[in-house]
Amino acid sequence: MHELTSPQEMRAWSRAERARNRRIGFVPTMGFLHEGHLRLVDRARERSDRVVLSIFVNPLQFGPNEDLAQYPRDLERDRRLAAARGVDCLFVPDVAAMYPTEPLVRVHPGPMGDTLEGAARPGHFAGVLTVVAKLFHYVEPDIAIFGRKDFQQAMLVQRMARDLDFGVEIDVAPTVRELDGLALSSRNTYLKGDDRRAALALSRALRAVEQAWRNGEADPKALQRRGLEVLRAPDVRPEYLELVDDQLRPVARADARTVVVLAARVGPARLIDNVVLGEGIASDVAVRTS
Ligand code: AMP
């Protein structure tokens with residue numbers, strides 16, 4: 001596995017591979033890799049000849065009171081996991097390489113970035129889209145894989161690629177969960193003691209909404225009430241639970257394409273999760289991690 005830290009070297013590597021007619025698949029991450037990230041790597045491998053995985057904890061997408069300083073990091077372990085999964089090139093730039101000058105110009109997400117996570121985390125998606133745009137310029141991938149776990153992010157990246165003609169296919173992969181339903185996240189490492197069990201309220205709330213919809217309830221307000229009932233569990237502080245379409249707009253009636261998105265705090269962790277009603281949590285990938 002190659003390991004590169006400079007954007008210029010990254011671009012040169014990618015261009016040399018493309019000159020040999022190799023299709024490049026790209027998986028951007030913030031590291032502290034788990035099986036959710038590694039499934040994106042598998043998908044990139046299936047659909048391309050060379051896989052690039054980036055690890056960069058992007059300061060631009062963290063608010064002033066968020067967990068940038070505490071965000072978990074373990075490059076040694078990430079390197080081992082990436083190599084074992086067949087990553088061809090690990091790109092690990094530092095902050096100075098990514099932002100040699102203050103990034104005054106940013107990619108603005110538009111109205112799809114103002115709701116849900118965007119409302120809770122002002123400026124977050126401008127930070128995400130800006131770094132993804134920069135990474136796309138270095139890697140020049142044919143295809144980039146994002147997880148549906150971060151549904152709003154995946155939709156915004158898709159929209160950016162289309163609206164700004166990046167010429168890269170954005171593939172969205174299913175959420176990977178623990179066997180008990182908890183969606184894998186690097187932030188799950190913040191869950192200690194009883195918080196780990198309390199965090200199951202998120203997937204339980206999604207399942208409750210899914211069940212109510214399958215039983216014939218289509219009114220989004222009623223479904224939201226049902227979900228919040230379950231999400232309001234001991235040690236869980238719900239932030240939102242909404243039913244939206246693939247443009248993140250509230251729906252008038254829930255149907256198979258409706259996405260239930262939620263965010264909640266459990267102990268020191270702020271967690272998000274979602275389900276597409278017609279697919280259901282059961283269609284996500286379940287893995288044993290310990
Ligand atoms: P992160 O390192 O958290 O920024 O995530 C990097 C990529 O991995 C993003 O496209 C995420 O949506 C994706 N990802 C994170 N957790 C999961 C998961 N549990 N299942 C599927 N994809 C995930």
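Starting from 1, each residue takes its place in the sequence as its number. Note that these values count all heavy atoms, side chains included, but never hydrogens, waters or copies made by symmetry. In listed order, ligands and their atoms are each counted from 1. Quantities reported herein were computed from a predicted structural model and do not represent experimental measurements.
Given atom 20 (N) of ligand 1, the protein heavy atom at minimum distance is Val176 N, 2.9 Å. Scanning all protein heavy atoms for the shortest distance to atom 11 (C) of ligand 1 gives Asp150 OD2, 3.1 Å. If you check which protein heavy atom lies closest to atom 21 (C) of ligand 1, you get Pro174 O, 3.5 Å. When only non-hydrogen protein atoms are considered, atom 10 (O) of ligand 1 lies nearest to Gly147 N, 2.9 Å.
For the residue pair Tyr190 and Asp67, a side-chain donor N or O sits within less than 3.5 Å of a side-chain acceptor on the partner. Side chains of Gln211 and Arg226: a donor-acceptor N/O pair is absent below 3.5 angstrom, by distance only. Residues Asp94 and Tyr99 bring no donor and acceptor atom of their side chains to less than 3.5 Å of each other. Between the side chains of Ser14 and Glu140, no donor-acceptor pair of N or O atoms lies under 3.5 Å.
Listed by number with element, the atoms of ligand 1 under 4.0 angstrom from any heavy atom of Phe146 are 10 (O). Atoms of ligand 1 lying under 4.0 Å from any heavy atom of Leu184, numbered from 1 in the order shown and given with element: 16 (N), 17 (C), 18 (C), 19 (N). Atom numbering of ligand 1 starts at 1 in the shown order; those under 4.0 Å from a heavy atom of Met30 are 1 (P), 2 (O), 4 (O). Listed by number with element, the atoms of ligand 1 under 4.0 Å from a non-hydrogen atom of Leu40 are 7 (C), 8 (O), 10 (O), 13 (C). Listed by number with element, the atoms of ligand 1 under 4.0 Å from a non-hydrogen atom of Pro28 are 6 (C), 7 (C). Short contacts between ligand 1 and Thr29, defined as distances under 4.0 Å to a heavy atom of the residue, involve ligand atoms 2 (O), 6 (C). Short contacts between ligand 1 and Thr175, defined as distances under 4.0 Å to a heavy atom of the residue, involve ligand atoms 20 (N), 21 (C).
For the side chain to side chain contact (heavy atoms under 4.5 Å, CB included) criterion with Phe56, the lone passing option out of Val95, Val92, Thr29 is Val95.
Looking at Ser186, its side chain does come within 3.5 Å of a backbone N or O of Gly31 through a donor-acceptor pair.
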Next on the checklist: Working note: Arg148 + Asp284, criterion salt bridge (charged side-chain N to carboxylate O under 4.0 Å, His left out); need CA distance, chi angles, decisive distance, verdict.
Outcome noted: CA-CA 10 Å; Arg148 202 175 58 216; Asp284 291 339; 3.4 Å; yes

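In His34, the part holding a heavy atom less than 4.0 Å from any atom of ligand 1 is the side chain. Looking at Ser186 against ligand 1, nothing comes within 4.0 Å, counting heavy atoms.
For ligand 1, none of its N or O atoms has an N or O atom of Ala173 under 3.5 Å away. Between His37 and ligand 1, at least one N/O pair is under 3.5 Å apart.
No salt bridge links Asp49 with Arg18; every basic N to acidic carboxylate O contact stays at or beyond 4.0 Å. Salt bridge absent: Asp245 and Arg257 never bring a charged side-chain N and a carboxylate O closer than 4.0 Å.
When Lys149, Arg187, Arg177 are ranked by how near their heavy atoms come to atom 23 (C) of ligand 1, first place goes to Lys149.
For the pair Arg77 and Phe32, the distance from NZ or CZ to the six-membered ring centre is under 6.0 Å and the angle to the ring normal is within 45 degrees.
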